[in-house]
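First up is the structure itself, then whatever we jot down about it.
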Protein chains: 2
Amino acid sequence: MTSSRKARLYGGMDAEERRAERRLKLIDAAIDVYGEVGYRGATVKAICEAAELTERYFYESFANSEALLIAAYNHVVGHLHEEMAAAAAGGGDDPEARLRAALTLYFTRLKEHPKPARVFLLEISGISPAVDAVKLDALRVFSDILVPPARDPNGNDKGAATTLLSIGMVGAVISIALRWVSKHYRQPVEDVVAIAASFCRVALTEADRRQD
Amino acid sequence: MTSSRKARLYGGMDAEERRAERRLKLIDAAIDVYGEVGYRGATVKAICEAAELTERYFYESFANSEALLIAAYNHVVGHLHEEMAAAAAGGGDDPEARLRAALTLYFTRLKEHPKPARVFLLEISGISPAVDAVKLDALRVFSDILVPPARDPNGNDKGAATTLLSIGMVGAVISIALRWVSKHYRQPVEDVVAIAASFCRVALTEADRRQD
DNA sequence: CAGTATTGACAATCTATATTGTCAGATAAC
DNA sequence: GTTATCTGACAATATAGATTGTCAATACTG
């Protein structure tokens, strides 16, 4: 008991730390592999090899492939959203400025990291209900960053029509991103941002109009 | 030779006709099954059972599952696009009227036929490069129906920026449709059309603006 | 009716991968 | 240096479904 209370150290890390490190390596490897061959083409074996770990450690951290996909997605997208939110905050109070700042960051990151880009744009669709739910959640966050939800003075939820506007906006931005990525980043970032912003403006102004 | 020139009739149909009929039954069954369990959840066996045919006939008409998915998709979407084009034509010369007519038809059909809707909205994403290509093609047609491509007086192709506008527009419309379908058609058709149209208007007006 | 083409049911095979299990060697603790 | 823990390689098993093959029953033809 006394000696087993704290796990033996390996490489200066206790059991928990080692586990966490392996988990992270698997997530990184997964992003790499998904980026190469797609989620469906990615085998557990291939991911483990890329992570320089064996299958054993895969099942130590994840119940199955899907769990890893979700973890990888959340890893990438969580980070991205934080950055976007920060960028938006830098735009001050002007909705238009916030929007452009967030979009600029989004498309810049997309261009800097093609493989993660593939994970959260492409690979995440239509895998399973669980994955869809995760994605849906992320898109809501994404939308809220671009165009913060307008609540009426009573603090009520926005209406169904406004939701569809958000959905459409995000759909447009994602589709543009997808195309831009798949065509190897033809246009400069600022051009793409301008085009995406024109769709976001619909959500911005329509939502106002409907609130009168 | 003389007697084998014409195939034996079964049920009043010659070999070719019977083959065509079975093919059609398989496509219909596939749409049904995809609508229930998704493309990935759909086994060859299940589709054959739904079609009241055996696996043999599956491989008679299709090289593999993917081929059937593509056939089913083209079947559904080809028909839809014809109808949309006709509806648009009924809108006369006014781009706005054409747009609304086409969108109204689109969302109306979506509501009338939930299962085919699932096939061409959801099931078609990220299966394989071949399927993606088919989808890409269909979306281009879809886009051209909603907002006919503006060609400059010299008949040149539209620019890359205009392409991204089309992509964004279609992305918005499809996303709205997806949500509307998955939430069981909450809003009336005309409301959804109005929202979708507001995104299409971006492509309409921006394309003009950029052409000056 | 005899003979052949066609069909339907289903078994056999094949492939691919996930998942679990084994074990020898390496590493840290004492 | 001895022992317990941990690690890496890899074998064994399980599953699922596609694809091909067999054969008797059925429907047509002349």
Side-chain angles (χ1 to χ4, degrees), chain A residues 1-26 29-30 33-34 36-71 127-128 130-131, chain B residues 1-26 29-30 33-34 36-71 127-128 130-131:
Chain A
M1 249 258 180
T2 37
S3 77
S4 69
R5 168 145 305 171
K6 219 155 194 76
R8 176 180 290 190
L9 296 183
Y10 261 66
M13 293 183 281
D14 72 16
E16 196 45 47
E17 292 173 313
R18 295 198 303 276
R19 239 175 56 83
E21 165 144 318
R22 287 191 292 259
R23 192 188 135 92
L24 223 9
K25 279 183 83 172
L26 282 167
V33 175
Y34 295 160
E36 299 288 352
V37 301
Y39 170 69
R40 268 165 225 105
T43 64
V44 171
K45 199 157 179 263
I47 290 172
C48 291
E49 274 167 16
E52 299 176 297
L53 292 171
T54 61
E55 289 98 317
R56 174 132 70 98
Y57 297 110
F58 183 97
Y59 294 101
E60 174 196 55
S61 285
F62 305 99
N64 49 44
S65 294
E66 193 179 305
L68 173 52
L69 174 64
I70 291 175
I127 306 294
S128 78
V131 177
Chain B
M1 247 243 183
T2 37
S3 77
S4 69
R5 170 145 302 172
K6 218 152 196 77
R8 177 181 288 189
L9 296 183
Y10 262 65
M13 292 183 281
D14 70 17
E16 196 46 47
E17 291 174 315
R18 295 196 305 273
R19 239 175 57 84
E21 164 143 319
R22 287 191 292 257
R23 192 188 134 92
L24 224 9
K25 277 183 87 171
L26 282 167
V33 176
Y34 295 159
E36 297 290 351
V37 299
Y39 170 68
R40 268 165 226 103
T43 64
V44 171
K45 200 158 178 265
I47 291 172
C48 291
E49 273 167 17
E52 300 177 295
L53 292 171
T54 60
E55 289 98 316
R56 174 131 71 99
Y57 295 111
F58 183 97
Y59 294 102
E60 173 194 56
S61 284
F62 306 100
N64 49 44
S65 294
E66 193 180 305
L68 173 53
L69 174 63
I70 291 176
I127 305 293
S128 79
V131 177

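Predicted model, so just to flag it, every value in this text is computed and none were measured. Residue numbering restarts at 1 for every chain, and letters A, B, ... go by the order of the sequence lines. Side chains included, hydrogens not; waters and symmetry mates left out as well; all remaining heavy atoms used.
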Once you round it to whole Å, what is the distance between P of dA12(D) and CD of Glu55(A)?
15 Å
Can you check the Glu52(B) CD to dG8(C) P distance for me, whole Å?
10 Å
List the atom of Arg19(A), the atom of Ser61(A), and the distance in Å for their closest heavy-atom pair.
O-OG, 4.2 Å
The nucleotide from dA18(C), dT29(D), dA9(D) with an atom nearest the side chain of Thr54(A) is dA9(D)
Taken to the nearest whole Å, CE/Met13(B) to P/dT29(D) is 13 Å
Of the candidates dC28(D), dG8(C), dT20(C), the side chain of Tyr57(B) sits closest to dG8(C)
Between CD of Glu66(B) and C1' of dG17(D) the distance, given in whole Å, is 16 Å
On the nucleotide dG21(C), are OP1 or OP2 found under 4.0 Å from the side-chain N or O atoms that Arg56(A) carries?
no
Report the distance from atom CG of Asp14(B) to atom C1' of dC28(D), rounded to the nearest whole Å.
14 Å
Starting the side chain at C-beta, find the nucleotide from dT7(D), dG8(C), dA18(D) nearest to Tyr10(A).
dT7(D)
Nearest-0.5 Å distance that lies between atom SG in Cys48(A) and atom CZ in Arg56(A):
11.5 Å
Spacing between Phe58(A) atom CZ and dA9(D) atom P, to the nearest angstrom
17 Å
Taking NZ, NE, NH1 and NH2 as the nitrogens, is one of them in Arg22(A) or Glu60(A) under 4.0 Å from a carboxylate oxygen of the other?
yes
When you match Ala63(B) and Gly12(B) each to their closest nucleotide on DNA chain D, which lands nearer the 5' end?
Ala63(B)
Pairwise 5' ranking along DNA chain D for Gly11(B) and Thr43(B), keeping only the more 5' one
Thr43(B)
Side chains of Leu68(A) and Tyr34(A), heavy atoms from C-beta outward: is any pair under 4.5 Å?
yes
Arg8(B) side chain: which of dA5(C), dG8(C), dT7(D) is closest?
dA5(C)
Could you state the atom-to-atom distance from CG of Leu53(B) to P of dT6(C) in whole Å?
16 Å
Length of the line joining Ile47(A):CD1 and dA18(C):P, which is rounded to integer Å:
8 Å
Nearest nucleotide by nearest heavy atom, which residue falls closer to the 5' end of DNA chain C, Arg22(B) or Tyr59(A)?
Arg22(B)
OH (Tyr57(A)) and CZ (Arg18(A)) are apart, to the nearest 0.5 Å, by 8.5 Å
